[in-house]
Every structure is written in structure tokens, then in C-alpha cells.
Amino acid sequence: MAKRLGEVGLEDLYRAGGSTISIKEATHMYQAIAASKASDPDPRRVWKEVVSRRVLKPWHPHHLHQLVYYSVYANWDVSINGPPLYWFPSLDESKITNLGRIMEIHGPKLLGTSYKDPIESFSLFQKFSVQHPETYWSIVLGELSVVFHRSPSCILDNSKMLEPSGAWLPGAVLNIAECCLLPSTHPTKEDNSCALVWREEGRDDLDVNRMTLKELREQVMVVANAVDATFSKGDAIAIDMPMTVSAVVIYLGIILAGCVAVSIADSFAAKEIATRLRVSNAKAIFTQDKNVHEEAIIVVLLFIWNPRLVKDKGN
């Protein structure tokens, strides 16, 4: 059980900070936390004050952050209040979040004069989403640019007693990769919109890489066309690669072609890989030559799956 805030002493903070803080810094931290506690007993406002004062720094160890956070919320009743809050956006910040933008557009129409802003009306909007799933999820599906090959008969069907949680989107047919790649009138789904952001592993000195939606679509189509020309809809295709941008492209390409993607961790031994290939009845596997130079374009190999390969290798 976490210590209460009043039980956390200067020594606790100094010890949790390890070599990242001096006794002087620990003292300043202790005084700032005590002042926050004295100004308002509400743990939400105490934590908000601690954050706004920048008492904790990014380079402080995670254990120190945990110590302060959990001690602030030591008496917090999750069953009544929900999870203890960590981030408190400003009103302007809240309005540019995905949810805040939806609330600003639809809140006045759905909640009438009860709607104020994304922060003050959050609980009210969340309650509306639970009570009116048909309305709320229709909005969300539109925001996500989900396109159905066959539209669902409804959003949520609660008529079937065998499914106590209900059946979501009954009868719907879609390809989720297609939904990810299609451009739309949505401001974040235009061809020049940023679709992927990544940095090469172990190369923190390099700039962050970015790929537009158009570039991603073009690369995915290369994979999808190759898979479609070789395999049948519904075939299982495995991926045994590190989580690189190439793996993302391949995954979307498999789904776009109408096949089933089988994800296999690249850390698995040959025997474990063979087991997953056998269980999934994979027809092929995308993998990576381990000798590829880290700065070169990743070479992806496609092997037609043959159970005899495992037997020949004794795995």
C-alpha cells in the first residue's frame, strides 16, 4: 500500500531520486509538495499543482514519479471516482484533442444548453455515449473514415440473450486496412497527411522519419498486389520481423489483400516459430535477412510455407 502524502518524508524523496537529485533539490521538492497539499486537500488539485510547478523532471527516475503520484492518491477510491487523474489539459489543449474536437462539433447539438466545453462537459458527454451508442458510434465511425463493403444493420444489437454484452455492427463487412489507407475529406486523412512517424532503432542521432498517407498507400499496394497474385482470400500469411516501418507496410498489405496476418515475435526460436506456422496453417512468411546492413533498405523475403522445412532442420 502506498504511503500517504503526509507520510512521505525528505529521506524518501532523496532515496527514490537516486543519483539524479541532491539533498537540496529533494528539500525543494518536499517543500513544494507540502505547499501543494496545504493549499487544497483534493488529490486531483494537489497533483495538478505538483505538475504545474514542475516539481518532477523528465530525467527523474520513474520510481520517484511513482512515489509522489501514488502518495498523492493514496486515499483515492477508484470504485467511486474512477482511475486517478494524471494529465490535466488546458481548455485550449482539450479542444484540439480528437475527443475535444468531436465534443465541440457535436456537443451543443446532442446536449443542448447543458454543453459548456470539453473539460466541464466531459462526464456528461461520456454518459451520453453510453446511453446512446447508436448516435455516438455513428459519429466515431465517420471520424475514423470507416467505409463498409456491407453496412451493419445497426450499431449495437441487444436483442440476443446469448450475447449479454450485445452484438456490435452485426452484418458489417469491411477491410480495415482499406479504411486506414483511403484518403478522405477529413483534415488528417489527406494524401499529404503524416501517416507514420518513426526513428531507426539505435540511431537517436538521426532525424525522425515521416511517411505521408500517399507514400504509405503506394508501398502497401506493392505488397498487397504481390500477395493477391500468389495467394487466395483468407489465406494466413505470417510476419516474423522486428517492428519496423517495413513490417507495418507488410501487415497492412496482407490485410488489404484479404488475407490473415499472423504476427510472430522475431525473438522466438525456430521451434516456436514453426509451431505458430503450423497452428495458423500459414501459407507463407515474411521475414528479414539478419545480415542486412542497418543503414540499408530492409530486404524482405517471402517463403512459401512448407512443413517439411521444419522437419529437415530438426525443429
Side-chain angles (χ1 to χ4, degrees), residues 144-151 169 171-184 189 191 193-198 200-201 209-315:
L144 294 175
S145 303
V146 173
V147 179
F148 295 99
H149 290 193
R150 185 169 70 234
S151 299
L169 307 177
V173 176
L174 75 155
N175 186 307
I176 195 62
E178 184 180 69
C179 297
C180 292
L181 297 168
L182 285 178
S184 72
K189 283 292 294 292
D191 270 353
S193 300
C194 184
L196 291 178
V197 179
W198 78 98
E200 303 299 339
E201 186 174 0
N209 301 296
R210 288 178 171 81
M211 184 181 293
T212 66
L213 179 61
K214 181 181 179 181
E215 292 169 335
L216 176 61
R217 186 190 309 119
E218 289 172 347
Q219 292 196 28
V220 170
M221 285 302 300
V222 172
V223 177
N225 288 334
V227 171
D228 185 60
T230 311
F231 304 98
S232 302
K233 305 292 185 186
D235 282 348
I237 312 292
I239 309 175
D240 181 23
M241 294 174 60
M243 180 52 76
T244 62
V245 66
S246 295
V248 173
V249 168
I250 292 168
Y251 187 94
L252 289 172
I254 293 172
I255 301 301
L256 187 62
C259 292
V260 178
V262 179
S263 300
I264 302 176
D266 64 298
S267 60
F268 284 170
K271 183 177 180 180
E272 297 302 321
I273 294 172
T275 298
R276 283 153 180 80
L277 292 172
R278 185 169 54 252
V279 169
S280 64
N281 192 29
K283 298 295 191 299
I285 179 171
F286 280 92
T287 187
Q288 175 183 327
D289 186 343
K290 66 179 180 180
N291 296 317
V292 171
H293 192 275
E294 63 179 358
E295 293 183 355
I297 298 175
I298 293 178
V299 177
V300 178
L301 307 175
L302 176 63
F303 295 103
I304 304 300
W305 170 240
N306 185 344
R308 194 183 67 186
L309 295 175
V310 175
K311 183 177 180 182
D312 292 345
K313 290 184 177 182
N315 294 317

For this session: Could you check Ile264 against Leu277 for side chain to side chain contact (heavy atoms under 4.5 Å, CB included), going step by step and ending with a plain yes or no?
Result: CA-CA 9 Å; Ile264 302 176; Leu277 292 172; 3.9 Å; yes

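- The heavy-atom pair separating Tyr251 from Ile239 by the smallest distance is CA-CD1, 3.6 Å.
- Side chains of Leu169 and Phe148 form a contact here, defined as non-hydrogen atoms less than 4.5 Å apart.
- Every residue two or more places apart in sequence or in another chain that forms a side chain to side chain donor-acceptor pair (under 3.5 Å) with Glu178 is listed here: His149.
- For the pair Gly234 and Val260, the tightest heavy-atom approach, listed with the atom from each and the gap, is O-CG2, 3.8 Å.
- Considering only residues two or more places apart in sequence or on other chains, Ala177 meets the side-chain contact (heavy atoms from CB on, under 4.5 Å) condition with Asn175, Leu252, Ile255, Leu256.
- Residues passing the salt bridge (charged side-chain N to carboxylate O under 4.0 Å, His left out) test with Asp228 are Lys233, sequence neighbours excluded.
- When the side-chain contact (heavy atoms from CB on, under 4.5 Å) test is applied to Arg217, the partners found at least two apart in sequence or on another chain are Leu181, Pro183, Asp191, Leu213, Lys214, Met221.
- Contact detail for Ala257 and Ala224: the closest heavy-atom pair is CB-O, 3.6 Å.
- Looking only at side-chain heavy atoms (C-beta outward), Leu196 and Val248 come within less than 4.5 Å of each other.
- Going from atom OG1 of Thr244 over to atom CD1 of Ile250 covers 7.0 Å, rounded to the nearest 0.5 Å.
- Using a 4.5 Å cut-off on side-chain heavy atoms (C-beta onward), Val222 and Val249 make no contact.
- Taken from OG in Ser267 to CD in Glu272, the straight-line distance is 10.0 Å, to the nearest 0.5 Å.
- Residues passing the side chain to side chain donor-acceptor pair (under 3.5 Å) test with Thr212 are Glu215, sequence neighbours excluded.
- For Thr275, the side-chain contact (heavy atoms from CB on, under 4.5 Å) criterion is met by Arg278, Val279, not counting sequence neighbours.
- Ser246 is not listed as a side-chain neighbour of Phe286, based on a closest heavy-atom distance of 4.5 Å or more.
- Between Lys283 and Ile237, the shortest heavy-atom contact is CB-CD1, 4.5 Å.
- Heavy-atom minimum distance, Ala247 versus Pro242: CB-O, 3.4 Å.
- When side chains are defined from C-beta on, Asp266 does not count as touching Met241, because their heavy atoms never get closer than 4.5 Å.
- Rounded to the nearest 0.5 angstrom, Asp235 CG and Ser280 OG are separated by 11.0 Å.
- Among all heavy-atom pairs drawn from Ser145 and Lys189, the shortest one is CB-NZ, 3.6 Å.
- With a 4.5 Å cut-off on side-chain heavy atoms, Phe268 and Asp240 do not count as touching.
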